[in-house]
Amino acid sequence: MEVLRFIEARFRMGIRISQAEMDAYYTGTLIRRPGRRRLRHRGDDDWDNIQEILLQQQVDKLRDDWLTSLRAEARGGL
């Protein structure tokens with residue numbers, strides 16, 4: 001739990017997901033899935049889910065980049 005709180009505090013706070021990113025995810029990923037319904041309006045819970053998915057993807061990338069840089073520093077320091 002402590003690690004999750006650290007990741008939240010370090011990476012999640014500064015991320016902003018634009019409407020264009022959400023639209024791109026919707027049209028490029030969700031709408032292509034068989035059986036998916038079209039979203040009715042921007043207030044739909046699915047839009048909140050899309051935003052959360054994109055936010056988590058960015059957090060994951062930032063975390064991975066950070067870990068890669070820590071590993072590189074550790075190897076350089078040995």
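Keep in mind that the numbers below use all heavy atoms, side chains included, and drop hydrogens, waters and symmetry copies.
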So, for Met22 and Ile17, which heavy atoms are closest and what is the spacing to 0.1 Å? CG-CG2, 3.6 Å

Heavy-atom closest contact (Ile15 atom, Gln58 atom, distance):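 The answer is CG2-OE1, 3.0 Å.
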
Angle class for the Trp47/Tyr26 ring planes (parallel below 30°, perpendicular above 60°, tilted otherwise)? tilted

Measure the spacing between CG of Asp48 and CG of Leu55 and express it to the nearest 0.5 Å.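 Interatomic distance, Asp48 CG to Leu55 CG, rounded to 0.5 Å: 12.0 Å.
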
One should read off an interatomic distance between Leu54 CG and Asn49 CG, to the nearest 0.5 angstrom, of 11.0 Å

My understanding is that a hydrophobic cluster links ILVMFWY residues whose side chain heavy atoms are under 4.5 Å apart, including indirect links. Using that, what else belongs to the cluster containing Leu4? Met1

Do Val3 and Leu67 share a hydrophobic cluster, counting only Ile, Leu, Val, Met, Phe, Trp and Tyr and linking them when any side-chain heavy atoms are less than 4.5 Å apart? yes

Sidechain N-carboxylate O distance under 4.0 Å for Lys61, Asp64: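 Judged by the 4.0 Å cut-off on N to carboxylate O distance, Lys61 and Asp64 do not form a salt bridge.
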
Quick test of your reading of the model: are Arg5 and Glu2 salt-bridged, counting only N-O distances below 4.0 Å?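 A salt bridge links Arg5 with Glu2.
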
Could you check whether any side-chain heavy atom of Gln51 comes within less than 4.5 Å of a side-chain heavy atom of Glu21, counting everything from C-beta outward?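 A side-chain contact under 4.5 Å is absent here.
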
